[in-house]
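Step one of this worksheet: look at the structure below.
Values below: every heavy atom of this structure, side chains too, minus hydrogens, waters and symmetry copies.
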Amino acid sequence: MVRIHLAIDLQYDVAPPSADFIFNVQAAHAPQQKVVWEELQVSQPVPMVMHTDAATRNRTLRLTAGPGPLTLRYRATLDITHHVAQPDSVFETPVAQLPTDVLSYIYPSRYCQSDCVTAMAMELFGQMPQGYRRVQAIKDWVQSQVTFESNTSNSMTSALDTLNDHKGVCRDFAHLMITMCRALNIPARFTTAIDYGADPALGPTDFHAYVEVYLGHRWYMFDPSGTAIPMGFIRIGTGRDAADASFATIFGGVNAQAPRIDISAQVNAQNGWQMPVHREEALSTDSAFTWNMVDAA
């Protein structure tokens, strides 16, 4: 088990007359990610609407802020119990056996135009044995093709742009890996977290994007950017791509400061809390789906 402490501070200056915010910064209530304690504070005394999506478990907070400073502070302690599997024992799930909730993750989406790279994906990976190792090869290929470089992409950058430019940040690595997986009919989704264990030379602790791939009726974690330690990831949001999992969507005139984020792990052998490390095994923080003929009908 991994015990993680998280602190997020977001600061904005809202221009008159007001601005609407949709935040997705709270840790998800996942089957193997338990929120032990959390606290959310907003500096302005405004009504707040909270919602948890039944399918993705994304937790959104909506509010309308008046002109002036706005600060959101989120603190949480989480226990994460990873499902661990040997890579060679994890196989791909046939399309005919995919649960209905998973089907949307094999289709092209705004930033992941998988229908445009089908021939390329088949040439590179089509002859490989199907399973975790093939997906791992896609991850390794993305890492070999793209260089991590800050401020080289924006909200319009898609997987095809990254494929051409060969540079980007974590969201771009994730979009490209998702695109190649879907081109091979392997469900893959965009997931947000905090970049636990990232090299300080890459900048201050920040939000992070990684990939979850549906294999053997379970979502497994992959970090194509290779900049952080997946065992320390706190799942926040999931979706088809970044358009579905933005940590803050803003409508109105707003000046935003860089987020201030702190994440740490607590180690205690008596409680079974261990330090997150890089592991060769397949890791998941989701429960297994039970497939039956009703799902396929």
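Side-chain atoms of Asp115 never come within 3.5 Å of backbone atoms of Pro108 as a donor-acceptor pair (strictly under, hydrogens ignored). With hydrogens and angles ignored, the 3.5 Å screen pairs a side-chain donor or acceptor of Asp53 with a backbone N or O of Thr56. At distances below 3.5 Å, at least one donor-acceptor pair connects side-chain atoms of Asp199 with backbone N or O atoms of Ala201. For Gln32 (side chain) and Thr81 (main-chain N/O), a donor-acceptor pair under 3.5 Å exists by modelled atom type. For the pair Asp161 (side chain) and Ser158 (backbone), a donor-acceptor distance under 3.5 Å is present. In terms of modelled atom types and a separation under 3.5 Å, the side chain of His166 and the main chain of Val146 share no donor-acceptor contact. A donor-acceptor distance shorter than 3.5 angstrom exists from the side chain of Thr192 to the backbone of Gly237, with no hydrogens or angles considered. Of the possible polar contacts, none joining the Ser246 side chain to the Ala243 backbone as a donor-acceptor pair under 3.5 Å is found. A donor-acceptor pair is defined here as one N or O able to donate and one able to accept, closer than 3.5 Å; no such pair exists between the side chain of Ser284 and the backbone of Tyr220. Put simply, the side chain of His175 never gets that close to the backbone of Leu160: no donor and acceptor are under 3.5 Å apart.
A salt bridge links Arg73 with Asp9; the closest basic N to acidic carboxylate O contact falls under 4.0 Å. Residues Arg182 and Asp241 are not paired through a salt bridge, judged by the lack of any N-O separation under 4.0 Å between the basic side chain and the carboxylate. Taking the charged nitrogens against the carboxylate oxygens, Arg235 and Asp286 do have a contact shorter than 4.0 Å, which makes a salt bridge. Using a 4.0 Å cut-off between a side-chain N of Lys or Arg and a carboxylate O of Asp or Glu, Asp20 and Arg62 do not qualify as a salt bridge. Classification of Glu38 and Arg75 as a salt-bridged pair fails, no side-chain N sitting under 4.0 Å from a carboxylate O.
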Would you mind writing out the side-chain donor-acceptor pairs for residues 261-271 within the sub-3.5 Å range, not counting sequence neighbours?
{"from": "Gln266", "atom 1": "OE1", "to": "His5", "atom 2": "NE2", "distance (Å)": "2.8"}
{"from": "Asn268", "atom 1": "OD1", "to": "Gln270", "atom 2": "N", "distance (Å)": "3.0"}
{"from": "Asn268", "atom 1": "OD1", "to": "Asn271", "atom 2": "N", "distance (Å)": "3.0"}

- Message: Run the side chain to side chain contact (heavy atoms under 4.5 Å, CB included) test on Arg110 and Arg240 for me, step by step, so that the C-alpha distance in whole Å, both residues' side-chain angles and the decisive distance to 0.1 Å come before the verdict.
- Response: CA-CA 8 Å; Arg110 176 180 176 182; Arg240 293 166 300 174; over 6 Å; no
- Verify side chain to side chain contact (heavy atoms under 4.5 Å, CB included) between Val84 and Arg279, making sure each step is shown before the conclusion. CA-CA 10 Å; Val84 181; Arg279 299 184 63 164; 3.8 Å; yes
- Task: Check step by step if side chain to side chain contact (heavy atoms under 4.5 Å, CB included) holds for Met180 and Ile186.
- Result: CA-CA 9 Å; Met180 299 304 287; Ile186 304 171; over 6 Å; no
- Task: Would you please test Phe222 and Tyr132 for ring-ring contact (aromatic ring centres under 6.0 Å, His included) and show each step?
- Result: CA-CA 10 Å; Phe222 294 86; Tyr132 186 94; 4.9 Å; yes
- Derivation and outcome, side chain to side chain contact (heavy atoms under 4.5 Å, CB included), residues Val117 and Leu163: CA-CA 10 Å; Val117 298; Leu163 187 60; 4.2 Å; yes
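Placement of Phe190 and Val142 within a single hydrophobic cluster is found when ILVMFWY residues are connected by side-chain heavy-atom separations under 4.5 Å, directly or transitively. Placement of Leu215 and Leu98 in two distinct hydrophobic clusters is found when ILVMFWY residues are connected by side-chain heavy-atom separations under 4.5 Å, directly or transitively. When the side chains of ILVMFWY residues are joined at heavy-atom separations under 4.5 Å, either directly or via intervening members, Ile8 and Ile4 end up in a single hydrophobic cluster. Val36 and Val25 fall into different hydrophobic clusters, where Ile, Leu, Val, Met, Phe, Trp and Tyr residues are linked whenever their side-chain heavy atoms come under 4.5 Å apart, directly or through other members. In the hydrophobic clustering of ILVMFWY residues, with side-chain heavy atoms under 4.5 Å counting as a link, Met122 and Tyr107 come out apart.
The aromatic rings of Trp219 and Tyr105 stand perpendicular to each other, their planes meeting at an angle above 60°, with 30° marking the opposite boundary. Classification of the Phe23-Phe21 ring pair by plane angle, with boundaries at 30° and 60°, yields parallel. Between Phe233 and Tyr210, the ring planes are tilted. Angles from 30° to 60° get that label.
Rounded to the nearest 0.5 angstrom, Thr60 OG1 and Ile22 CD1 are separated by 7.0 Å. Atom CG of Asp195 and atom CG of Asp206 lie 6.0 Å apart (nearest 0.5 Å). Here the CD1-CZ distance, from Ile236 to Arg57, works out to 15.5 Å after rounding to the nearest 0.5 Å. Expressed to the nearest 0.5 Å, how far CZ of Arg133 lies from CD of Gln130 amounts to 16.0 Å. Taken from CD1 in Ile194 to CG in Leu6, the straight-line distance is 5.5 Å, to the nearest 0.5 Å. Gln257 contributes atom CD, which lies 4.5 Å from atom CD of Gln11 (distance to the nearest 0.5 angstrom).
Ala65 and Val14 make their closest contact through O-CG1, 3.9 Å (heavy atoms, listed as atom of the first residue, atom of the second, distance). Listed here is the closest heavy atom pair of Trp141 and Ser144: O-OG, 2.6 Å. Summarising the geometry of His208 relative to Ser225, their closest heavy-atom pair is CE1-OG, 3.4 Å, with the distance given to 0.1 Å. Heavy atoms only, all atoms of each residue included: Pro187 and Ile106 are closest at CG-CG2, 3.4 Å. The two atoms that bring Ala209 and Cys170 nearest to each other are N-SG, 3.4 Å, heavy atoms only. Counting all heavy atoms, side chain and backbone alike, Ala76 lies closest to Leu78 at CB-CD1, 4.0 Å.
Put simply, the side chain of Asn185 does not reach to within 4.5 Å of the side chain of Glu92, judged on heavy atoms. A 4.5 Å side-chain heavy-atom check between Leu72 and Leu40 finds at least one atom pair inside the cut-off. Side chains of His82 and Met231 form a contact here, defined as non-hydrogen atoms less than 4.5 Å apart. In this structure the side chain of Asp172 never reaches within 4.5 angstrom of the side chain of Asp165, judged on heavy atoms. Contact annotation: the side chain of Phe148 approaches that of Thr227 to within less than 4.5 Å [non-hydrogen atoms, C-beta and beyond]. Between Gln26 and Asn24 the shortest side-chain heavy-atom distance does not fall below 4.5 Å. Proximity of Trp273 to Asp79: side-chain heavy atoms (C-beta onward) are separated by under 4.5 Å at one or more points. Between Arg59 and His29 the shortest side-chain heavy-atom distance falls below 4.5 Å.
Other residues, nucleotides and ligands contribute more than 12 heavy atoms inside 6.0 Å of the CZ atom of Arg134. Annotation for Glu123: atom CD does not count as buried by contact number, only 12 or fewer foreign heavy atoms lying within 6.0 Å. Annotation: Gln127, atom CD; neighbour count of heavy atoms from other residues, nucleotides and ligands within 6.0 Å does not exceed 12.
For Phe247 and Tyr74, the distance between ring centers is not under 6.0 angstrom.
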